[in-house]
Engineer: 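Shown below is the structure under consideration.
In listed order, ligands and their atoms are each counted from 1.
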Amino acid sequence: MPEAAANIGVVGLAVMGSNLARNLASREGNTVAVYNRSRTKTDELIAEHPEAGFVPAFSYEEFASSLSVPRTAVIMVKAGGPTDAVIDELVRVFEPGDIIVDGGNALFTDTIRREKAVRDTGINFVGMGVSGGEEGALLGPSLMPGGSDESWVTLGPILRSIAAVAEGEPCVTHVGHDGAGHFVKMVHNGIEYADMQLIAEAYDLIRRGTGKSPAEIADVFAEWNRGELESYLIEITAEVLRQVDAATGTPLVDVILDQAGAKGTGAWTVQTALDLGVPVSGIAEATFARSLSSHPEQRIVSGVLPGPAEALVVADADAFVEDVRLALFASKIVAYSQGFDEIRAGAAQYGWSIDLGAISKIWRGGCIIRAQFLNRIADSYAQTPDLAVLMTAPYFVEALGRAQGAWRRIVSTAADAGIPSPAFSSSLAYYDGLRAKRLPAALIQGQRDFFGAHTYKRIDKPGTFHTLWSGDRTEIEAEDTH
Ligand code: 6PG
């Protein structure tokens with residue numbers, strides 16, 4: 001084995017790791033060291049890809065000595081315990097100034113903890129979001145690294161060389177310190193959940209409202225993909241709907257069990273948003289919709305729970321499909337807007353300086369939620385970097401104004417027909433909540449004060465007040481109650 005032959009290494013050679021290693025090796029100037037816990041995977045990768053010029057290592061000591069200084073290694077193993085085990089090994093064989101990158105879907109609070117622990121040894125630890133699945137890892141993912149400024153000096157050029165390119169720019173930026181990269185990747189996945197649920201609701205409404213077949217609905221999605229909804233998820237939806245099951249000859253979507261899986265990143269996005277007090281209702285409904293689908297014992301399909309007598313029949317199929325398209329577009333704007341709000345709140349809470357415009361740009365290529373309208377998000381932040389609510393940017397205000405009539409028709413049609421549309425309807429409720437001059441929160445404050453003396457503020461004068469509900473119901477300055 002040549003000494004210090006490689007400028008970067010990859011640990012964990014399952015499909016994501018080996019594809020990322022091949023991507024790295026294919027770029028000018030890179031020589032890639034590879035290590036896997038079981039030797040077979042390493043041997044297979046070397047045998048299958050001689051063109052990559054990999055430097056194989058069969059122990060952590062060998063791996064470390066095959067890397068030039070500062071040693072840089074990307075870990076691509078399962079989140080949780082396996083990641084901690086690899087970090088421990090690398091910390092043992094690396095030296096101060098070296099860089100350990102975790103490219104798995106780690107929980108950002110784990111990344112904050114690991115970064116702190118590793119920093120104490122003088123080694124840099126970088127939590128990096130990697131999006132784009134197997135193909136993205138091989139051909140160009142969207143990359144969301146956190147970690148120190150020092151590590152970015154070494155990592156920046158390497159990551160720029162392997163990332164997807166959108167509008168001539170590599171889809172990677174230094175997101176922020178410690179867990180910022182994994183936080184942003186988590187929110188990316190939350191938006192992904194919302195986007196997928198919205199598309200699924202659109203499909204369901206069109207199918208039940210117009211009687212179109214999956215293949216015909218595939219044509220609708222293919223058409224939508226030529227307009228403002230253009231995105232990877234719309235594109236693959238058309239392909240999924242067109243697929244015919246070889247065994248039965250029926251559309252594949254009709255023989256797939258209707259119980260959605262989840263690895264947990266959607267739930268993390270919602271749990272974190274609850275802690276931060278950010279209403280990501282579209283993402284939450286999408287996550288809960290997966291939970292509802294995957295509890296067959298709770299799904300009452302026997303007719304016990306009454307529904308509307310009539311099935312949905314729409315008079316004008318084309319007009320209905322156009323309404324669904326607009327409802328989807330408006331709800332999608334809400335999902336992204338809520339996601340960006342969560343990133344802003346997370347940055348404030350954890351002390352990260354995150355450039356929201358840069359995030360929208362690195363999501364334009366490589367990742368699962370890549371979509372044409374991310375350009376409009378980037379434009380919006382370029383015009384107003386401190387935009388409080390993304391969807392109040394002029395482009396989105398115009399789009400929502402154009403869509404809201406259709407959006408309301410679709411949500412009420414779905415409710416009348418008993419067709420679940422949790423993400424469409426919660427997104428509309430959020431939109432109307434933001435628009436409301438007055439919210440019934442005033443009543444909630446009254447209730448809280450009634451049973452718990454939690455106090456309230458008034459609209460007409462400063463101070464904090466409490467009403468003596470059980471006495472003569474006079475109002476007193478709250479400070480007086482203590
Ligand atoms: C990506 C994906 C990727 C993975 C999801 C799937 O950005 O490339 O988001 O990270 O496919 O974790 O998540 P679920 O299994 O929870 O749907």
Engineer: Heavy-atom count around Arg92 CZ within 6.0 Å, excluding the residue itself: above 12?
Structural biologist: yes
Engineer: Could you walk me through whether Thr83 and Asp102 pass the side chain to side chain donor-acceptor pair (under 3.5 Å) check?
Structural biologist: CA-CA 8 Å; Thr83 300; Asp102 172 17; 4.5 Å; no
Engineer: Report yes if the distance between the aromatic ring centroids of Phe373 and Tyr395 is under 6.0 Å, otherwise no.
Structural biologist: no
Engineer: Who's touching ligand 1 if we go heavy atoms under 4.0 Å?
Structural biologist: Asn105, Ser131, Gly132, Gly133, Lys185, His188, Asn189, Glu192, Tyr193, Ala262, Lys263, Gly264, Arg290, Ile368
Engineer: Mind checking the OG-CG spacing from Ser18 to Asn23? Nearest 0.5 Å is all I need.
Structural biologist: 11.5 Å
Engineer: Taking Arg402 first and then Glu228, would you say they form a salt bridge - that is, a charged N and a carboxylate O separated by under 4.0 Å?
Structural biologist: yes
Engineer: Looking only at non-hydrogen atoms, find the nearest pair between Ile191 and Gly339 and report the distance.
Structural biologist: CD1-CA, 4.0 Å
